[in-house]
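On a predicted model such as this, the values are computed, not experimentally measured, just so you know. Remember, it's 1-based here, ligands and their atoms both numbered in the order they're listed.
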Amino acid sequence: MNIIFLGAPGAGKGTQAQIVEKKYSIVQISTGDILRSTVKEGTPLGLEAKGFMDKGALVPDDVVIGLIKARIAMEDCRNGFILDGFPRTTDQAFALDKILAENSMSIDHVVNINVPQNELVQRLLKRAEIEGRSDDNLESIKNRLVIFEEKTKPLIDYYNKNGKLRNINGLGSVDEIAGAIGQVIR
Ligand code: AMP
């Protein structure tokens, strides 16, 4: 089973993707996590990415598409995968379609976790205190939410049209939301 998790920053994609990963023994692929490790390693790619990430901007499409292309071709993805935080633009979605076709793969479900804006800001500010992520400051948070509205939201329509979209209410306990996701991806 191959799944995409859509949803704004702070919607709970990562938390829920980890639960699905364990439950179904399929790998979670988070572009945010991959980028954060390249930043930590201090590679040229990491240095370039950090500038975008700290501002709350998107890392250029060709960079993340390259990362995903290499990751999806790995053996462990044959058993199924969860894309967490990719695609985030329509060009990324088109590139993903191409990559999947090249690997004779397809997406089964696009799980769209809905959370109201004011709740997202509260959650991200709280996460800033707990995890100290350098992009969880008010300015970057606002920027990421604007970018979500402008660049990522059109994907909801894209995946709705091909019948893959599964809408989930992202308000509630982690277990409640996991239960709702379990119902739609069976
Ligand atoms: P996340 O952990 O998914 O919230 O991602 C953290 C940051 O990494 C984002 O704010 C972007 O700067 C960058 N990033 C993650 N995924 C993507 C993507 N698919 N396209 C562009 N930038 C991304």
Side-chain angles (χ1 to χ4, degrees), residues 2-21 27-73 77 81-100 107 110-115 117 119-156 158-159 168 170 174 177:
N2 302 326
I3 307 175
I4 294 173
F5 269 79
L6 272 186
K13 296 187 297 295
T15 305
Q16 294 299 332
Q18 277 168 19
I19 294 172
V20 171
E21 175 177 51
V27 286
Q28 174 201 14
I29 304 174
S30 155
T31 38
D33 285 349
I34 298 173
L35 288 166
R36 275 184 291 279
S37 44
T38 64
V39 171
K40 237 191 225 155
E41 286 159 12
T43 59
L45 180 74
L47 288 177
E48 188 197 345
K50 186 173 170 27
F52 294 99
M53 293 169 81
D54 282 350
K55 280 187 291 193
L58 290 182
V59 173
D61 281 342
D62 56 340
V63 173
V64 278
I65 289 166
L67 290 174
I68 283 292
K69 190 171 180 175
R71 186 65 189 85
I72 282 183
C77 289
F81 56 80
I82 308 150
L83 293 177
D84 160 14
F86 183 95
R88 263 175 154 101
T89 65
T90 40
D91 279 351
Q92 291 180 17
F94 298 151
L96 176 64
D97 287 345
K98 195 164 161 249
I99 293 167
L100 292 172
I107 294 294
V110 178
V111 176
N112 179 35
I113 309 181
N114 294 293
V115 174
Q117 281 250 355
E119 169 76 12
L120 292 171
V121 175
Q122 295 311 316
R123 287 189 189 179
L124 290 166
L125 287 173
K126 202 163 153 199
R127 187 169 78 185
E129 274 173 33
I130 299 168
E131 293 178 20
R133 252 175 69 164
S134 60
D135 58 348
D136 279 344
N137 56 73
L138 193 57
E139 197 177 329
S140 161
I141 288 170
K142 282 187 181 154
N143 211 9
R144 280 149 67 207
L145 292 175
V146 169
I147 289 176
F148 174 75
E149 290 292 321
E150 287 176 359
K151 304 263 166 94
T152 310
K153 256 202 170 159
L155 297 185
I156 296 174
Y158 180 68
Y159 288 115
I168 295 290
V174 169
I177 299 164

Worksheet item: Between the side chain of D84 and the main-chain N/O of Q28, is any donor-acceptor distance below 3.5 Å?
Response: no
Worksheet, complete the sentence: for atom 22 (N) of ligand 1, nearest protein heavy atom and its distance come out as V59 N, 3.0 Å
Item to complete: Give the residue and atom name of whichever protein heavy atom lies nearest to atom 16 (N) of ligand 1, and the separation in Å to one decimal.
Response: T31 OG1, 2.8 Å
Worksheet item: Is there any N or O on D33 that sits under 3.5 Å from an N or O of ligand 1?
Response: no
Discussion item. If you define the side chain from C-beta out and look only at heavy atoms, does anything of D135 sit under 4.5 Å from N143?
Written reply: no
Worksheet item: Out of R36, Q92, K13, who gets a non-hydrogen atom closest to atom 6 (C) of ligand 1?
Response: R36
Discussion item. Geometry only, no angles: is F52 polar-contacting ligand 1 at N/O separations under 3.5 Å?
Written reply: no
Please tabulate, for the side chains in residues 39-48, all donor-acceptor contacts under 3.5 angstrom to protein atoms that are two or more places apart in sequence or on a different chain.
unit_1 : atom_1 : unit_2 : atom_2 : d
T43    : OG1    : T38    : O      : 3.4
T43    : OG1    : G46    : N      : 3.0

Fill in: Side chain to side chain, D136 and R144, heavy atoms closer than 4.5 Å
yes
Worksheet item: R133 heavy atoms, cut-off 4.0 Å: which ligand 1 atoms fall inside?
Response: 1 (P), 2 (O), 4 (O), 6 (C)
Worksheet entry | Atom indices of ligand 1 within 4.0 angstrom of L35 heavy atoms, with elements | 8 (O), 13 (C), 14 (N), 15 (C), 23 (C)
Worksheet item: Based purely on interatomic distance, does V64 place a nitrogen or oxygen under 3.5 Å from a nitrogen or oxygen of ligand 1?
Response: no
Worksheet item: So which heavy atom on S134 is nearest to which on D54, and how close?
Response: OG-OD1, 2.8 Å
Worksheet entry | Donor-acceptor contact present, side-chain Q16 to main-chain V174, <3.5 Å | yes
Discussion item. Salt bridge check, D62 against K69: does any charged N sit closer than 4.0 Å to a carboxylate O?
Written reply: no
Practice prompt. Test the K151-F148 pair against the cation-pi criterion, namely NZ or CZ under 6.0 angstrom from the six-membered ring centroid and within 45° of the ring axis.
Written response: no
Worksheet item: For ligand 1, is there an atom lying under 4.0 Å from some heavy atom of A57?
Response: yes
Worksheet item: Is any N or O atom of R88, backbone or side chain, closer than 3.5 Å to an N or O atom of ligand 1?
Response: yes
Discussion item. What protein heavy atom lies closest to atom 7 (C) of ligand 1? Include the residue and the distance to one decimal.
Written reply: M53 CE, 3.9 Å
